[in-house]
Enquirer: 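One structure coming up, written as structure tokens, with questions to follow.
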Amino acid sequence: MKKIVTVIGARPQFIKAAVLSRIIKENDAVEEVIIHTGQHFDTNMSKIFFDEMMIPKPTYNLEVNSMSHAAMTGQMMEKIEKVLGIEKPDALIVYGDTNSTIAGALAAKKMNIKVVHIEAGLRSFNMKMPEEINRILTDRISDLLSCPSQVAINNLHNEGFQNLPVLIENHGDIMKDAVNYYSQFSANKSSIIKDQKLQKNEFVLATIHRQENTDDEKKLRSIFLGLEEIHKTHTVILPMHPRTKAVLNKLSIHPKIQVIEPVGYYDMLELLKNCSIVITDSGGLQKEAFFNRKQTIVVRDETEWVELVSHGFAKVVGGNTKMILQTFDTFKATNKEFTVDLYGNNVGEKIYQSIYQLIH
Ligand code: UDP
């Protein structure tokens, strides 16, 4: 039986890998070995997803975290290389744009192991973002690029990828499968709406964690000022990322909104289903909001999910209090129709078929 190694380490990667791991297991034709790099390690940033989403237990946990980008990437590469020497897989799968993504891809490629990049071709065109650097480099050394959208395919074409010996596929966004599959169970598994005393369609769901916001005090203060202002009339609930918590504590900022610990996926899906509007700097949450027919205020200067913006499902407002409030009022006043299908269907199955062909 052919073998693949999956490298994951950050919360959004656990969610995406849950979909593909289930399909791999059901097909029972390829063996999957999971490496957890340890990049995210808190129980509610990691273990909860493995438990709730029934992701197979990682065979290897590298426990690399809480260090500079170069140190983290280097240590991960060294440890992944050792595992690949033992496991000798036919391909390695990486997701998204974190240090775990580039570390896995680079270690495998140097050992002539085929690399599959899921969520390929996305670009923010902001080379100051660590994620942008990771995704461009990972795309360049991959053998199979699984793109989530036509825009991602176009980005690769604009960079000349059609001239390279790499398979490029528009499979759609694997997160859509995650939302569809786990939404079937979330109402029974989660009691967050009741526990947090939230009124359906009357609260705002917010998440803030991106380094470009947490590392910029002015932006961070402006964003939280906007959230506090909205909270005066509509409850704003924010599951707080550990990085944001650490920075806010350091700056002695205590936002007057409903702050909770990071939540598991079932709770997140119920928050998405029942909220009125999403305010976030997360990549994944922008699409999950769309899949749940909610408009998103993106507190970043750009987004990789530009089709959400061009269709009016999301608006990019940066770290600007006034723009956050204006957009909130506009979104509240519109009854947006969600009839377009932007990100494909049965994505996990399509990705699985392409990987199967790549290694057979
Ligand atoms: N998420 C979650 N609980 C939380 C916050 C986020 O389950 O408390 C999920 C969210 O639904 C999405 C993913 O984590 O699927 C997004 O992760 P994050 O925002 O950390 O990363 P990004 O998508 O920006 O790379």
Side-chain angles (χ1 to χ4, degrees), residues 8-19 39-53 55 65 94-102 118-120 122-124 126 129-135 138 148 173-183 185-186 189-190 192 195-196 205-214 236-245 257-275 278-292 294 296 298-300 302-305 308 314 316 343 347:
I8 47 182
R11 177 170 62 187
Q13 295 167 339
F14 308 143
I15 294 165
K16 291 162 201 164
V19 174
Q39 193 172 341
H40 283 169
F41 55 92
D42 292 340
T43 301
N44 54 10
M45 293 292 288
S46 172
K47 187 175 180 301
I48 190 168
F49 296 96
F50 285 83
D51 293 348
E52 280 189 345
M53 304 178 85
I55 307 168
N65 50 58
V94 286
Y95 293 85
D97 52 26
T98 69
N99 290 339
S100 305
T101 314
I102 183 63
I118 297 174
E119 214 175 57
L122 293 179
R123 299 289 183 265
S124 66
N126 176 358
M129 278 177 81
E131 294 92 339
E132 182 77 351
I133 300 162
N134 291 338
R135 54 172 88 101
T138 304
D173 181 18
I174 194 163
M175 229 156 195
K176 185 169 177 187
D177 285 17
V179 169
N180 285 346
Y181 183 79
Y182 292 100
S183 287
F185 318 109
S186 57
K189 298 266 187 187
S190 161
I192 192 153
D195 297 347
Q196 291 297 323
L205 170 63
T207 75
I208 307 294
H209 78 289
R210 217 158 270 288
Q211 210 174 307
E212 68 209 60
N213 286 328
T214 55
V236 175
I237 186 159
L238 184 141
M240 193 173 281
H241 192 285
R243 181 197 293 148
T244 315
K245 187 177 181 177
I257 57 172
Q258 201 160 321
V259 173
I260 55 173
E261 290 294 310
V263 294
Y265 204 52
Y266 290 126
D267 282 346
M268 191 39 124
L269 288 174
E270 285 306 297
L271 289 171
L272 279 161
K273 264 191 221 172
N274 291 294
C275 71
V278 173
I279 303 180
T280 192
D281 59 8
S282 159
L285 213 64
Q286 292 172 48
K287 285 162 302 138
E288 289 168 326
F290 168 69
F291 299 139
N292 282 282
K294 304 294 153 79
T296 304
V298 182
V299 281
R300 286 179 52 193
E302 69 277 308
T303 177
E304 298 78 32
W305 305 100
L308 292 176
V316 175
Y343 297 110
V347 179

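Counting convention: from 1, in listed order, for ligands and their atoms alike.
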Enquirer: With no hydrogens and no angle check, just 3.5 Å: does a side-chain donor-acceptor pair link T101 and T98?
Expert: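 Per modelled atom types, T101 and T98 side chains form a pair under 3.5 Å.
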Enquirer: Does Y343 form a side-chain contact (heavy atoms from CB on, under 4.5 Å) with K287? I'd like the steps, not just the answer.
Expert: CA-CA 9 Å; Y343 297 110; K287 285 162 302 138; 4.0 Å; yes
Enquirer: Specify the protein heavy atom at minimum distance from atom 24 (O) of ligand 1: its residue, its atom name, and the distance to 0.1 Å.
Expert: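 Of every protein heavy atom, R210 NH2, 2.3 Å lies nearest to atom 24 (O) of ligand 1.
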Enquirer: If you measure every N/O of L285 against every N/O of ligand 1, is any gap under 3.5 Å?
Expert: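 N/O-N/O distance under 3.5 Å: no.
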Enquirer: Looking only at the side chains, is there a donor atom on one of T280 and T207 sitting less than 3.5 Å from an acceptor on the other?
Expert: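 Side chains of T280 and T207: pair found under 3.5 Å.
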Enquirer: Can K245 and E261 be counted as an ion pair, charged N to O under 4.0 angstrom?
Expert: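 Yes.
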Enquirer: In the protein, what heavy atom is nearest to atom 13 (C) of ligand 1, and what distance, to one decimal place, separates them?
Expert: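 Here the nearest protein heavy atom works out to I15 CD1, 3.7 Å.
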Enquirer: Among E302, E304, E131, find the one that has a salt bridge (Lys or Arg N to Asp or Glu O under 4.0 Å) with R210.
Expert: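 Only one option passes, and that is E131.
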Enquirer: Check each of R300, R243, M175, E288 against atom 11 (O) of ligand 1 and report the one with the nearest heavy atom.
Expert: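 When every heavy atom of R300, R243, M175, E288 is considered, E288 comes closest to atom 11 (O) of ligand 1.
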Enquirer: Under 4.0 Å from a heavy atom of G283: give me the atoms of ligand 1 that qualify, with their elements.
Expert: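 Near G283, the atoms of ligand 1 are 22 (P), 23 (O), 24 (O).
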Enquirer: Can you list the atoms of ligand 1 that are under 4.0 Å from a heavy atom of P262?
Expert: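 Within the 4.0 Å cut-off of P262, ligand 1 contributes 8 (O).
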Enquirer: Quick one: nearest non-hydrogen protein atom to atom 8 (O) of ligand 1, plus distance?
Expert: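 Answer for atom 8 (O) of ligand 1: V263 N, 2.9 Å.
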Enquirer: Check ligand 1 against F49 and write out every atom of the ligand that is under 4.0 Å from a heavy-atom position of the residue.
Expert: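 That gives atoms 2 (C), 7 (O) of ligand 1.
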Enquirer: Looking only at protein heavy atoms, which one is nearest to atom 19 (O) of ligand 1, and how far off is it?
Expert: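 For atom 19 (O) of ligand 1, the nearest protein heavy atom comes out as S282 OG, 2.7 Å.
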Enquirer: Considering E304, Q286, R11, which one's heavy-atom position lies nearest to atom 14 (O) of ligand 1?
Expert: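 Residue with the shortest heavy-atom distance to the ligand atom: R11.
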Enquirer: Between S100 and N134, is any pair of side-chain heavy atoms under 4.5 Å apart?
Expert: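 No, too far: nothing below the 4.5 Å cut-off.
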Enquirer: When only distance counts, is P239 in polar contact with ligand 1, meaning an N/O pair under 3.5 Å?
Expert: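 For ligand 1, there is no N or O atom that lies under 3.5 Å from one belonging to P239.
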Enquirer: Quiz question: by atom type and distance under 3.5 Å, do the side chains of S124 and E132 form a donor-acceptor pair?
Expert: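 Short answer, yes.
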Enquirer: Could you find the nearest protein heavy atom to atom 21 (O) of ligand 1 and give me its residue, atom name and distance?
Expert: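 The closest one turns out to be P12 CG, 3.4 Å.
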Enquirer: Under 4.0 angstrom from ligand 1, any heavy atom of E131?
Expert: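 Checking ligand 1 against E131, which is what was asked, there is no heavy-atom contact under 4.0 Å.
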Enquirer: What distance separates S190 OG from D195 CG, expressed to the nearest 0.5 Å?
Expert: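 If we round to the nearest 0.5 Å, S190:OG and D195:CG are 7.5 Å apart.
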Enquirer: Residues two or more places apart in sequence or in another chain: which of them pass ring-ring contact (aromatic ring centres under 6.0 Å, His included) with H241?
Expert: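 Scan of H241 (ring-ring contact (aromatic ring centres under 6.0 Å, His included), adjacent residues dropped) gives H40, H209.
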Enquirer: Of the protein's non-hydrogen atoms, which lies at the shortest distance from atom 23 (O) of ligand 1, and what is that distance?
Expert: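 Result: G284 N, 2.7 Å.
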Enquirer: Are the charged groups of E119 and K16 less than 4.0 angstrom apart, N to O?
Expert: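 Answer for the salt bridge query: yes.
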Enquirer: With a cut-off of 4.0 Å, which atoms of ligand 1 are near a heavy atom of Y265?
Expert: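 Listed by number with element, the hits are 7 (O), 11 (O), 15 (O).
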